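Here is the structure we will look at.
Predicted, not measured: the structure shown is a model, and the values here were computed from it.
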Amino acid sequence: MDKNEKFVITINRELGSGGRTVGEKLAAKLGVPFYDKALIKALTEKYHLTVEEIEKLKGRNHSWWADFKRAMSIGQGTANAARYYQVSMGDEPDLLTTDEMFRAEKEILKGIADEESCVIAGRSGFFVLKNHPNRLSVLIQASMEHRIERVMRKQGISREEAEKVIKKVDKMRENYVSHYAKTSRYDTRNYDLVISMDGKTEDEVVEMIYNFIG
């Protein structure tokens, strides 16, 4: 990946690994927007962005995403918008996606990547954008103990509850990727870089990815 050209970095991560925070910090270091699945789904639902509506936007202007982003005031505040739409780790309702919604979200992701350099977390970005000419795909993992401790701390729940949430979300995310991408999110062949968070801080992992880019 050449960071001097328009690029996209996709980050798939395990719940409790800290991968979303890594994505946000990496985007900030690179000076590009950060998008996550919660924001994409919120945009799809709030503005009724069906595939047909997106095609109409494309027909009016090739730079439809740039115009849409300006109209919706999604720009410098993208990270804030993503946090505003952040779903509860335990609920993950955005994983209950219809085929039509997936098609719309897929078009949004492609529109984003066509218009600007960015970091995208989740939403099968590794699959949807696999043919992007300047893309880096990253998987961030962690041991179950690391994940449980982080979810306990972030959510203020017990060890038993944290483990239950992790297993539930793992199953839902794997089912989502299996259904729409026809692969496993754990298949390392889908990624350019696989990182374990164990023994590392989020800032250290950001530096690892940044140095890998070169």
Worked verdict on Ser137 versus Asp192 for side-chain hydrogen bond (donor to acceptor under 3.5 Å, both in side chains): CA-CA 5 Å; Ser137 183; Asp192 303 300; 5.0 Å; no
Can Glu202 and Arg150 be counted as an ion pair, charged N to O under 4.0 angstrom? yes
Which heavy-atom pair separates Arg159 from Met152 by the least distance, and what is that distance? CA-SD, 3.6 Å
Indicate whether the side chain of Ser158 and that of Glu161 have a donor and an acceptor atom separated by less than 3.5 Å. yes
Residue pair Ser184 / Asn190: nearest heavy atoms and the distance that separates them: O-ND2, 3.0 Å
Determine whether a donor-acceptor pair (N or O, by modelled atom type, separation under 3.5 Å) exists between the side chain of Asn12 and the backbone of Gly122. no
Ion pair check, Asp36 and Arg13, cut-off under 4.0 Å: no
Donor + acceptor pair across side chains of Ser196, Asp198 (<3.5 Å): yes
Can you tell me if Glu5 uses its side chain to pair, donor with acceptor, with the backbone of Asp2 under 3.5 Å? no
Please determine whether residues Phe127 and Tyr186 belong to a single hydrophobic cluster, defined as Ile, Leu, Val, Met, Phe, Trp and Tyr linked transitively by side-chain heavy-atom distances below 4.5 Å. no
So does Glu160 pair up with Lys164, basic N to acidic O under 4.0 Å? no
Residues Glu116, Lys6: salt bridge by 4.0 Å N-O rule: no
Nearest atoms (heavy-atom pairs only) where Ile166 meets Arg147: CG2-NH2, 3.2 Å
Quick check: closest heavy atoms across Val151 and Gly16, and the distance to 0.1 Å? CG2-CA, 3.8 Å
Side-chain touch Val194/Gln141, heavy atoms, less than 4.5 angstrom: yes
From OG1 (Thr21) to CG (Asp203), nearest 0.5 Å: 10.0 Å
Under a 4.0 Å threshold between the charged nitrogen and the carboxylate oxygen, would Glu149 count as salt-bridged to Arg153? no
Quick test of your reading of the model: are Glu14 and Arg185 salt-bridged, counting only N-O distances below 4.0 Å? no
